[in-house]
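To start, the structure under review is shown below, and the notes come after it.
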Amino acid sequence: MAKDGQPGAVTRFAPSPTGLLHLGHAYSALFAQSLAGEGGRFLLRIEDIDPGRCRPEYEAAIYQDLEWLGLRWEAGVRRQSEHMDDYARALERLDGMGLVYPCFCTRAEIGAEIERSGAAPHGPDGPVYPGTCRGLPRAEAQARIAAGEAHALRLDMARAAAAAGPLAWHDRERGRMEARPEIFGDVVLARKDTPTGYHLAVTVDDRIQGITLVTRGEDLLPATHVHRLLQALLGLETPEYRHHRLLTDDEGRRLAKRHDSLSIRSLRERGRTAEEVRAMAGFGGT
Ligand code: GLU
């Protein structure tokens with residue numbers, strides 16, 4: 001039975017293989033599995049769109065560590081790097097709606113532009129992109145692309161939000177949440193180095209995998225505003241959400257990959273049992 005008494009759901013754990021899993025991941029994975037509940041399904045997804053940071057040895061460690069912890073997921077792990085076509089199709093659809101534009105800015109140029117303007121609003125991911133490339137004439141943008149200039153693809157947020165109209169989602173803990181994707185500004189849909197970005201890939205995957213309840217840390221709650229918008233634009237059903245607390249270390253700092261001593265692997269190597277590690281993550285006796 002799911003902890004909060006809801007019927008079975010389809011949940012997922014979606015780690016990126018950019019380091020060893022730590023106690024915070026153990027908590028997140030166990031949380032997702034527990035909310036699948038009786039009659040539910042628990043799926044695994046490998047978020048490996050970042051070719052520069054993902055490593056096969058970390059992916060292997062994910063399977064090993066989760067299995068050791070006693071987690072069991074359904075066959076058919078979805079690896080994002082194998083599904084670039086799905087993201088490209090979604091991108092094409094948004095482009096067809098006139099909501100996507102190429103952005104040639106480097107990080108340094110964006111920083112300089114923000115400094116010049118003196119008043120860049122801050123979004124959940126830092127300063128909001130000032131929109132430098134939004135108004136580029138189409139012919140100029142096409143010429144630069146044809147010349148091989150590196151570019152990302154951004155969502156024209158104001159137009160996208162206007163096209164979608166008011167949106168909301170249901171969070172199992174927080175209740176009805178009104179979507180305010182505008183706070184992010186023109187988010188990146190496809191990065192310069194890889195043909196998708198986090199927001200697009202996650203939104204498309206959650207639908208393709210049939211996820212009915214997205215569980216993840218509350219650090220990702222702001223991202224749900226963007227995901228809800230993308231769902232509306234792409235005509236995708238909206239799952240329920242549940243954003244959980246983040247585990248912290250003794251000084252109250254949230255666990256991160258720098259906490260090597262709290263990696264599941266190092267706890268195991270120091271002789272902790274799986275049961276002890278589950279208890280450390282707050283899932284004792286389950
Ligand atoms: N891959 C993300 C992470 O490791 C999680 C994405 C999600 O759950 O939406 O933080």
Side-chain angles (χ1 to χ4, degrees), residues 9-36 41-55 58-59 61-63 65-66 69 71 73 77-84 86-87 90 124-125 169 171-173 177 179 181 184 187-189 191 194 196-231 234 236-248 253-259 262-264 281:
V10 186
T11 65
R12 49 48 165 203
F13 178 55
S16 301
T18 55
L20 290 173
L21 298 185
H22 54 64
L23 266 188
H25 295 108
Y27 176 76
S28 201
L30 289 160
F31 187 90
Q33 181 183 254
S34 77
L35 261 69
R41 296 162 55 210
F42 173 60
L43 311 184
L44 182 61
R45 179 163 81 227
I46 301 296
E47 303 217 320
D48 59 350
I49 56 170
D50 190 336
R53 293 175 61 225
C54 295
R55 303 258 182 282
Y58 290 136
E59 183 177 338
I62 288 173
Y63 302 130
D65 292 346
L66 293 180
L69 272 175
L71 283 142
W73 54 92
V77 172
R78 184 170 170 94
R79 301 175 70 240
Q80 289 187 324
S81 57
E82 293 169 353
H83 298 281
M84 292 300 177
D86 290 330
Y87 315 132
D125 286 343
W169 76 85
D171 184 297
R172 277 203 183 174
E173 186 184 38
M177 302 283 291
F184 277 85
V187 288
V188 168
L189 295 175
R191 294 163 26 166
T194 184
T196 182
Y198 163 70
H199 297 301
L200 186 68
V202 164
T203 305
V204 167
D205 285 347
D206 282 335
R207 186 61 233 133
I208 288 180
Q209 289 191 290
I211 304 301
T212 62
L213 173 62
V214 171
T215 67
R216 57 185 172 205
E218 58 195 9
D219 55 326
L220 289 172
L221 197 159
T224 306
H225 293 269
V226 177
H227 302 177
R228 181 66 193 91
L229 172 62
L230 293 177
Q231 287 156 5
L234 293 167
L236 307 177
E237 230 173 279
T238 309
E240 275 192 293
Y241 286 86
R242 175 75 162 77
H243 297 92
H244 61 70
R245 72 187 171 92
L246 300 175
L247 295 196
T248 52
R253 294 176 308 169
R254 58 175 279 216
L255 298 187
K257 284 175 179 150
R258 65 171 179 273
H259 289 83
L262 293 178
S263 74
I264 296 167

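Remember, it's 1-based here, ligands and their atoms both numbered in the order they're listed. Since we're looking at a predicted model, the values are computed, not measured.
When ring centroids are compared, F184 and H199 come within the 6.0 Å threshold.
Using a 3.5 Å distance cut-off with no hydrogens or angles, the side chains of Y198 and D50 do not pair a donor with an acceptor. Under the 3.5 Å distance criterion, with hydrogens and angles disregarded, no donor-acceptor pair is assigned to the side chains of H83 and D205.
Listed by chain and residue number, R45 satisfy the side chain to side chain donor-acceptor pair (under 3.5 Å) test with Q209 (two or more places apart in sequence, or in another chain). Partners of S81 according to the side chain to side chain donor-acceptor pair (under 3.5 Å) rule, which considers only residues two or more places apart in sequence or in another chain, are D48.
Judged by the 6.0 Å distance and 45° axis criteria, R245 is not positioned over the aromatic ring of F31.
A heavy-atom separation below 4.0 Å is not found between F13 and ligand 1. Under a 4.0 angstrom heavy-atom cut-off, R12 registers as being in contact with ligand 1.
Taking all heavy atoms of A14, G217, A223, S28 into account, the minimum distance to atom 3 (C) of ligand 1 is reached by A14.
Close N/O approach between T215 and ligand 1 is not found [any backbone or side-chain N/O within under 3.5 Å]. Looking at E47 next to ligand 1, an N or O pair under 3.5 Å apart turns up.
Residue S16 approaches ligand 1 through these ligand atoms, each under 4.0 Å from one of its heavy atoms: 1 (N), 4 (O). Residue contact check: L220 has heavy atoms under 4.0 Å from atoms 5 (C), 6 (C), 7 (C) of ligand 1.
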